[in-house]
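Here the structure comes first, spelled out in structure tokens, and everything after it is commentary.
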Amino acid sequence: MTSAVPTSAGAVPQGERPLNMCGPDFPFAYDSYLEHPAGLGQVPAEHHGTEVAVIGGGLSGIVTAYELMRMGLKPVVYEADRIGGRLRTERLPGAPDDVVAEMGAMRFPPSSTAFWHYVNRVGLNTTAFPNPLSPATPSTVVDLKGRTHYATGLDDLPEVYREVARAWDQTLESVDHSRMQRAIRERDVATQKEIWNRLVEKLDDQTFYGFLCRAPGFSSFRKREIFGQVGFGTGGWDTDFPNSILEILRVTYTGADDDHMSIVGGVDRLPRRLWEDAPDKLVHWATGTSLASLHEAGPLPAVTALRRTAVKGRPGGNITVTDASGSTRTYPAAVFTAQSWALLSKVDCDEDLLPIDHWNALERTHYMESSKLFVPVDRAFWRDKDPETGRDVMSMTLTDRMTRGTYLLEGEDPEGPAAICMSYTWCDDSLKWLPLSANERLEVMLASLGKIYPGVDIRSHITGDPVTISWEDEPYFMGAFKANLPGHYRYQRRLFTHFRQDDLEERHRGLFLAGDDISWTAGWAEGAVQTALNAVWGVMHHLGGAADPTNPGPGDLFDELVPVVLSED
């Protein structure tokens with residue numbers, strides 16, 4: 001177990017600063033903004049205690065509410081299901097507290113610096129996540145086309161796998177990878193913008209797969225196939241092949257796919273602890289005030305309707321919210337952090353909530369499907385040694401079979417109960433599981449893994465019922481996370497920049513969008529935090545407040561950091 005500050009031996013080249021996810025589209029230093037002693041800003045005293053609706057109790061919503069409360073506003077949180085959103089942890093029967101099933105987000109890179117600010121704030125512990133071939137993983141098995149390879153490191157795999165790894169490194173250098181990472185480490189905004197703005201114009205129309213096909217190192221279909229099914233870092237990349245190459249570069253440039261950590265006891269502890277936390281620096285509210293104390297009966301239920309309403313004495317921007325209980329309340333500002341498609345299908349919306357271009361961007365949003373299934377087991381039996389080979393009897397597994405990715409999860413007690421993420425799949429692979437019940441899924445998975453480990457009786461170690469999820473079938477999510485397709489940069493830019501509303505007509509102001517699907521890094525908790533901070537700045541500015549001059553916020557530096565504008569002609 002490590003401290004709450006994630007570190008990884010060798011992750012930072014000697015003499016260089018660590019990577020962070022504050023770029024390259026909008027290279028604002030969110031981590032420095034959070035750590036500054038002046039705080040995020042303030043609103044005029046006459047607005048202290050003013051209610052602001054926060055729709056959605058996932059990480060973005062909870063961070064938004066937490067920071068609005070610290071400013072002296074009164075966030076009113078609406079949540080349709082449970083606090084945490086896709087930071088969803090299930091406890092397994094008979095398992096200790098540190099062995100859990102992470103149904104959504106489960107691994108977090110050190111470069112998620114704004115995310116770690118809040119992890120550290122509430123004192124959570126972390127441990128290294130067992131990705132394929134990582135130091136935290138005793139062994140990895142790669143099973144493709146019926147052939148199985150056992151490895152404790154990349155050098156144990158056949159030469160073709162090392163060729164693929166070298167080809168990927170060479171391909172990344174063709175888009176200034178090392179230079180961009182150096183600029184991110186050094187907070188060199190000018191270089192980030194110079195590289196990225198050029199690449200956005202050049203690559204927005206290209207799929208990940210098309211980009212690979214044009215790379216000399218991937219002229220071989222066999223190498224593209226291996227890379228797609230095995231990849232490096234978290235595993236195979238083929239489910240991302242139809243997506244924009246810009247989505248992939250945002251991940252690799254910022255180190256988002258490297259050196260992952262998990263939260264001991266479950267990542268849902270982060271939003272739940274923020275909910276209960278009483279900040280030591282509060283404006284207006286009494287010492288000991290928390291989000292929980294402002295919501296004595298818990299969050300309000302699901303939002304069913306959003307309207308613009310004229311209120312005497314208030315300029316435009318008033319948002320009237322109706323929830324599932326039938327209650328209706330009007331606010332001078334609101335932040336919508338739930339999955340953006342809900343505005344199209346789950347919530348009855350006034351068309352004036354957003355400009356038409358923003359509605360258009362929401363309609364074009366592309367979501368990835370994802371499914372997982374976990375089982376509790378009696379112990380980490382995979383560490384047993386095969387008497388003939390001396391190898392682990394089972395390993396973290398990457399395969400082209402139905403299971404695709406299988407992860408072995410241990411607690412602090414090496415002899416105590418453990419868990420297996422039997423299968424973690426995306427897109428078409430996820431849809432294959434959708435019609436099956438949890439037990440039906442388990443039977444297919446056991447049959448698939450039985451072909452890879454014919455001498456291992458996995459079933460005999462299972463101690464409880466399987467726990468499963470298909471995010472595309474979750475009514476308040478309808479998918480795991482957004483992933484832009486080629487040509488979607490313009491849509492993404494509209495959604496991300498929506499928090500700065502000075503250029504919008506007054507009738508479109510006062511509702512702010514947040515959440516990882518609004519961010520440039522959808523699918524990463526860091527994006528949820530960053531867009532929450534954008535929305536907090538937006539609400540503060542909307543109510544006549546301002547950041548401290550010594551700690552300008554994302555809206556204050558917007559014009560010098562603004563994401564590149566692509567022509568729409």
Close side-chain approach of [X] and [Y], heavy atoms under 4.5 Å:
X	Y	result
D392	Y150	yes
S430	E472	yes
L270	V119	yes
T126	W116	yes
P110	P18	no
F374	I420	no
D384	R391	no
N131	D258	no

Verify the neighbour count for atom [atom1] of [X]: are there more than 12 heavy atoms of other residues, nucleotides or ligands below 6.0 Å?
X	atom1	answer
R459	CZ	no
D386	CG	yes
R166	CZ	yes
K385	NZ	yes
E415	CD	no

Verdict with supporting geometry, F381 and M394, side chain to side chain contact (heavy atoms under 4.5 Å, CB included) = CA-CA 8 Å; F381 65 89; M394 188 176 174; 4.0 Å; yes
Do the rings of [X] and [Y] sit parallel, tilted or perpendicular, given the 30° and 60° boundaries?
X	Y	value
W520	F496	tilted
F115	F108	parallel
Y491	H488	perpendicular
F241	Y209	tilted

inquiry  = Before you tell me yes or no, could you show the steps for K432 and E369 under salt bridge (charged side-chain N to carboxylate O under 4.0 Å, His left out), namely the whole-Å CA-CA distance, both residues' side-chain angles and the distance that decides it to 0.1 Å?
reply    = CA-CA 11 Å; K432 294 169 188 172; E369 301 89 0; over 6 Å; no
ask   = In a check of side chain to side chain contact (heavy atoms under 4.5 Å, CB included) between F336 and each of I55, I518, T64, which one passes?
value = I55
query = Is there a side chain to side chain contact (heavy atoms under 4.5 Å, CB included) between W196 and M180 once you walk through the steps?
reply = CA-CA 8 Å; W196 188 244; M180 175 64 89; 3.9 Å; yes
I'd like to know if the side chain of [X] and the backbone of [Y] have a donor-acceptor N/O pair within less than 3.5 Å.
X	Y	result
H177	Q170	no
S470	D473	no
R214	G210	yes
T89	G266	no
R107	M261	no
K223	E163	no
S448	V444	no
S345	W341	yes
S111	N20	no
T365	A361	yes

task = Let me know which of H366, R364, Q492 forms a side-chain hydrogen bond (donor to acceptor under 3.5 Å, both in side chains) with N484.
result =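 With N484 as partner, H366, R364, Q492 yield a single side-chain hydrogen bond (donor to acceptor under 3.5 Å, both in side chains), made by Q492.
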Criterion side-chain hydrogen bond (donor to acceptor under 3.5 Å, both in side chains) against D268, the qualifying member of R82, R86, R91, R88 = R91
query = Between R441 and T468, does a side-chain hydrogen bond (donor to acceptor under 3.5 Å, both in side chains) hold up when you go through it step by step?
reply = CA-CA 9 Å; R441 295 181 186 195; T468 193; 3.0 Å; yes
Determine whether the side chains of [X] and [Y] contain a donor N or O and an acceptor N or O closer than 3.5 Å.
X	Y	result
T137	T140	no
E173	S178	yes
T397	Y453	yes
D517	S340	yes
T148	D143	yes

Starting at [atom1] of [X], measure out to [atom2] of [Y] and round the result to the nearest 0.5 Å.
X	Y	atom1	atom2	result
F129	E102	CZ	CD	9.0 Å
R182	R185	CZ	CZ	10.0 Å
T406	L408	OG1	CG	7.5 Å
M368	T239	CE	OG1	4.5 Å
D204	Y489	CG	OH	8.5 Å
D31	S112	CG	OG	10.5 Å

request  = Given side-chain hydrogen bond (donor to acceptor under 3.5 Å, both in side chains), test T152 with S139 step by step and report yes or no.
outcome  = CA-CA 5 Å; T152 57; S139 60; over 6 Å; no
message = side chain to side chain contact (heavy atoms under 4.5 Å, CB included), that's the test. Do L373 and V467 meet it? Break it down for me.
response = CA-CA 6 Å; L373 184 140; V467 178; over 6 Å; no
request  = Apply the test side chain to side chain contact (heavy atoms under 4.5 Å, CB included) to residues V529 and Y30: give CA-CA distance (whole Å), side-chain angles for both, the deciding distance (0.1 Å), then the verdict.
outcome  = CA-CA 9 Å; V529 175; Y30 291 94; over 6 Å; no
query = Which atom names give the shortest non-hydrogen contact between G57 and E79, and what distance separates them?
reply =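 Closest approach of G57 to E79, heavy atoms only: N-OE1, 2.6 Å.
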message = Restricting to non-hydrogen atoms, name the atom on P242 and the atom on P486 that form the minimum distance, rounded to 0.1 Å.
response = O-CD, 3.5 Å
ask   = Should R121 and D277 count as an ion pair when the cut-off is N to O under 4.0 Å?
value = yes
ask   = Hey, are R162 and E159 close enough for a salt bridge, meaning a charged N less than 4.0 Å from a carboxylate O?
value =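 A salt bridge is present here (some side-chain N lies under 4.0 Å from a carboxylate O).
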message = Check whether Y367 forms a cation-pi arrangement with K482 (NZ or CZ under 6.0 Å from the six-membered ring centre, at most 45° off the ring normal).
response =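 No - K482 does not lie over the ring of Y367 by the 6.0 Å and 45° rule.
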query = Can you check whether Y161 and H149 have ring centres sitting under 6.0 Å from each other?
reply = yes
ask   = Among all residues two or more places apart in sequence or in another chain, which pass the side chain to side chain contact (heavy atoms under 4.5 Å, CB included) test with T521?
value =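 Partners of T521 by the side chain to side chain contact (heavy atoms under 4.5 Å, CB included) criterion, ordered by chain and then number, come out as M21, S519, W524.
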